[in-house]
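Here the structure is laid out as structure tokens; the discussion comes afterwards.
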Amino acid sequence: MTDQRPLLRVRDLTVGFTTAAGRVEVVKRLGFDLARGGALGIVGESGSGKSMTSLAIMGLLPKGAERTGSIELDGTELTTLRERQMQAVRGDRIAMVFQDPLSSLNPYYTVGTQIAEAYRAHRTGVTRRQARKVAIEAMERVHIKDAARRVDHYPHQFSGGMRQRVMIAMTLSMEPDLIIADEPTTALDVTVQAQILDLLAEIRRDTGAGLILITHDLAVVSEVADHIVVMREGDLVEQGTAEQVFSDPRADYTRMLLDAVPRIDDEIGLLRTTATEEPR
Ligand SMILES: Nc1ncnc2c1ncn2[C@@H]1O[C@H](COP(=O)(O)OP(=O)(O)O)[C@@H](O)[C@H]1O
Ligand SMILES: [Mg+2]
């Protein structure tokens, strides 16, 4: 019998803050499933509650946030775990890729040291030497050329796209069941964006890890996600298969987001224009 249980099951997830003006709910009774090995896109404009959703899943909400509802990972209820147990879940089972890799990397340590230490923190009895090997392998898997040398470089010696590859290498070395990528390409230019998205899709294929890809840009999820959740001001406005949401959106809001996606032809046109405009 195959395991029909979803990898992640979210029900009635609500995140609220008590402010001077009273209580505000920034995520409202959100519910969705992520199938094993599935890729879910969470889409919505800035402020719609996407990051609060991912932080709620990770147990990393900012101080003062109140979370209710249920989050089951592989049948384990996460919302009632103690902080120590949640730390183990974060290191072992769920890994996160953020928009700005510089804020998650320490400028004073080489990327190799950081990947290796993150790995060692969750594995007992791993030597520095073994962890370094894991770091190099992880960097090779995200197609960083010359990984055996680059492992000793510092974050500032990498471009934005390469730093994001380093972050993805770090998550890969943890062998998570679930990768949550929150706006992983927003800070990158269009061609590098496409490369990072290809990489995420490839990793998902090769490792069987589930992926939640969070973005304000529907174009970003179109290539990678098989299911889509559309959020607006904390509400789930629509969810369905990527095919259904793209070809037959139910909500006006989704249609508006779709209209904001430049047509592929336009983008190619734009790239051509830029490429042919030689400085005089
Ligand atoms: N500490 C906080 N106190 C009150 N409101 C907050 C706090 N942090 C975030 N918010 C609000 O929560 C809402 C959702 O934020 P967020 O999940 O970051 O949106 P998104 O990631 O979709 O852009 C926003 O309106 C934001 O202003
Ligand atoms: Mg966000």
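Remember, it's 1-based here, ligands and their atoms both numbered in the order they're listed.
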Does some side-chain heavy atom of S54 sit less than 4.5 Å from a side-chain heavy atom of M96?
yes
Without hydrogens or angle criteria, can the side chains of [X] and [Y] be said to hold a donor-acceptor pair below 3.5 Å?
| X | Y | answer |
| --- | --- | --- |
| E175 | T207 | no |
| H143 | Q195 | no |
| E233 | S48 | no |

Tell me the contacting part of E45 for ligand 1: side chain, backbone, both, or neither, using a 4.0 Å heavy-atom threshold, strictly below.
backbone
S51 heavy atoms within 4.0 Å reach ligand 1 at atoms 17 (O), 18 (O), 20 (P), 21 (O)
Those atoms of ligand 1 less than 4.0 Å from some heavy atom in S46:
23 (O)
With respect to K63, determine whether any N or O atom, backbone or side chain, lies less than 3.5 Å from an N or O atom of ligand 1.
no
Between T53 and ligand 1, is there a nitrogen or oxygen pair with a distance under 3.5 Å?
no
Between R150 and F158, is NZ or CZ placed under 6.0 angstrom from the six-membered ring centre and within 45° of the ring axis?
yes
Who's the nearest protein heavy-atom neighbour of [atom], and how far?
| atom | answer |
| --- | --- |
| atom 5 (N) of ligand 1 | F17 CD1, 3.5 Å |
| atom 22 (O) of ligand 1 | K50 NZ, 2.8 Å |
| atom 23 (O) of ligand 1 | G47 N, 2.7 Å |
| atom 11 (C) of ligand 1 | V26 CG1, 3.7 Å |
| atom 8 (N) of ligand 1 | M52 CE, 3.5 Å |

Presence of N, O or S from S51 under 2.8 Å of the Mg ion (ligand 2):
yes
Can we say R11 and D33 salt-bridge, meaning some charged N sits less than 4.0 Å from an Asp/Glu carboxylate O?
yes
Does a salt bridge link R90 with E83, judged by any charged N lying under 4.0 Å from a carboxylate O?
yes
Would one find more than 12 heavy atoms of other residues, nucleotides or ligands at under 6.0 Å from atom CD of E243?
no
Between the main-chain N or O of N106 and the side-chain N or O of Q114, is there a donor-acceptor pair closer than 3.5 Å?
yes
May I ask whether G44 has any heavy atom positioned less than 4.0 angstrom from an atom of ligand 1?
no
If we count only non-hydrogen protein atoms and require a distance under 4.0 Å, does atom 26 (C) of ligand 1 qualify as touching the protein?
no
